Amino acid sequence: MKISRILQMALIVNFLFGASVMLADDEKPAAATEEQAASSDQEALFKKFEETLSGSKLVGSFTVIGKEGPLREEEYSITKISKLPKGDYWLFTARIKYGDHDLTVPLPLEVKWSGDTPVITLTDFTIPALGTFTSRVLIYNDKYAGTWTHGKVGGHLFGKIVKLDDKDADEVGEAK
């Protein structure tokens with residue numbers, strides 16, 4: 001009888017051990033599938049972001065904190081963006097009209113993601129001939145919104161994203 005009980009216990013242990021090994025084996029493909037899905041989702045988000053901003057204009061307004069009055073207009077033309085190989089950086093080729101300046105520059109900018117929403121992030125970022133800026137700008141549904149700081153001045157910005165027409169694209173290519 002003792003042998004029978006020992007045999008039963010051994011069978012139960014073998015069964016439980018075998019089941020746990022089978023479950024662990026089943027989890028590996030599921031984990032791999034989840035990683036592939038996450039990678040695929042990320043690739044889709046990256047592609048949508050690139051398509052939204054490449055060949056586009058951010059057209060909107062900005063405020064200056066402490067200076068009341070009508071909103072000021074702003075416009076940034078983006079010829080192309082592309083994901084850089086390292087980290088969260090993207091290369092933006094953008095035309096910036098700011099004061100007396102009108103130049104097209106390549107800008108390696110950090111983009112963080114909040115779920116499906118990209119946030120362009122600059123912290124003490126120097127743009128040649130323009131100065132140093134800190135900004136957070138989120139992009140969603142063909143709109144943008146955020147905050148900016150330049151020295152001791154700062155405010156908010158917001159607007160819509162529109163595709164460049166042929167004339168705009170030619171002008172962006174000429175402004176260098």
Side-chain angles (χ1 to χ4, degrees), residues 24 27-63 65 74-99 101-166 168-176:
E27 287 176 13
K28 288 178 186 174
T33 302
E34 287 173 19
E35 285 176 22
Q36 289 169 341
S39 176
S40 176
D41 289 347
Q42 185 181 47
E43 287 173 22
L45 287 172
F46 285 4
K47 183 177 181 185
K48 181 179 179 187
F49 180 54
E50 187 173 345
E51 288 172 354
T52 297
L53 288 185
S54 290
S56 70
K57 273 194 302 195
L58 279 63
V59 179
S61 302
F62 70 96
T63 66
I65 294 175
E74 68 176 359
E75 183 176 301
Y76 303 94
S77 297
I78 302 170
T79 321
K80 181 176 176 34
I81 70 165
S82 57
K83 176 78 174 76
L84 293 172
K86 283 195 162 189
D88 296 324
Y89 286 87
W90 289 70
L91 184 62
F92 286 67
T93 303
R95 179 181 186 186
I96 301 171
K97 294 183 196 180
Y98 183 78
H101 301 284
D102 183 356
L103 64 151
T104 299
V105 291
L107 304 169
L109 303 177
E110 188 173 24
V111 176
K112 296 292 190 179
W113 290 82
S114 178
D116 63 352
T117 305
V119 180
I120 302 167
T121 304
L122 291 76
T123 303
D124 297 327
F125 184 85
T126 300
I127 300 173
L130 298 179
T132 302
F133 297 83
T134 295
S135 180
R136 301 293 184 271
V137 180
L138 71 85
I139 307 294
Y140 193 76
N141 269 351
D142 295 325
K143 293 181 275 308
Y144 69 96
T147 63
W148 65 275
T149 304
H150 180 204
K152 293 183 179 182
V153 181
H156 302 94
L157 54 104
F158 55 92
K160 61 185 177 178
I161 300 167
V162 296
K163 284 299 182 183
L164 292 172
D165 60 25
D166 291 339
D168 291 330
D170 289 343
E171 285 180 10
V172 170
E174 292 170 8
K176 291 188 180 186

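The shown structure was predicted, so the numbers you read here are calculated from the model rather than taken from an experiment.
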**Nearest heavy atoms of G155 and I65, plus distance in Å** = CA-CG1, 3.8 Å
**Item:** Any donor-acceptor pair under 3.5 Å from R136 side chain to I120 backbone
**Value:** no
**Prompt:** In chain order, what residues pass the ring-ring contact (aromatic ring centres under 6.0 Å, His included) check against F46, with sequence neighbours excluded?
**Reply:** W90, W113
**Item:** Stepwise salt bridge (Lys or Arg N to Asp or Glu O under 4.0 Å) check, K160 with D142
**Value:** CA-CA 6 Å; K160 61 185 177 178; D142 295 325; over 6 Å; no
**Complete:** Correct closest heavy-atom pair for L91 and P108 would be CD1-N, 4.0 Å
**Prompt:** Crowded around Y89 OH? As in, over 12 foreign heavy atoms under 6.0 Å?
**Reply:** no
Below 3.5 Å, can you tabulate the donor-acceptor pairs from side chains in residues 147-154 to any protein atom, sequence neighbours excluded?
{"unit_1": "W148", "atom_1": "NE1", "unit_2": "T63", "atom_2": "O", "d": "3.2"}
{"unit_1": "H150", "atom_1": "ND1", "unit_2": "Y98", "atom_2": "OH", "d": "2.9"}
{"unit_1": "H150", "atom_1": "NE2", "unit_2": "L130", "atom_2": "O", "d": "3.4"}

**Message:** Donor-acceptor pair, distance only, cut-off 3.5 Å: does the side chain of S54 make one with the backbone of I81?
**Reply:** yes
**Prompt:** What is the minimum heavy-atom distance between T52 and K163, and which atoms define it?
**Reply:** O-NZ, 3.5 Å
**From CG (L107) to CG (L122), nearest 0.5 Å** = 8.0 Å
**Prompt:** Taking the side chain from T134 and the backbone from D124, do they hold a donor-acceptor pair closer than 3.5 Å?
**Reply:** yes
**Message:** Can a donor-acceptor pair be found, under 3.5 Å and without considering hydrogens, that links the side chain of T121 to the backbone of V119?
**Reply:** yes
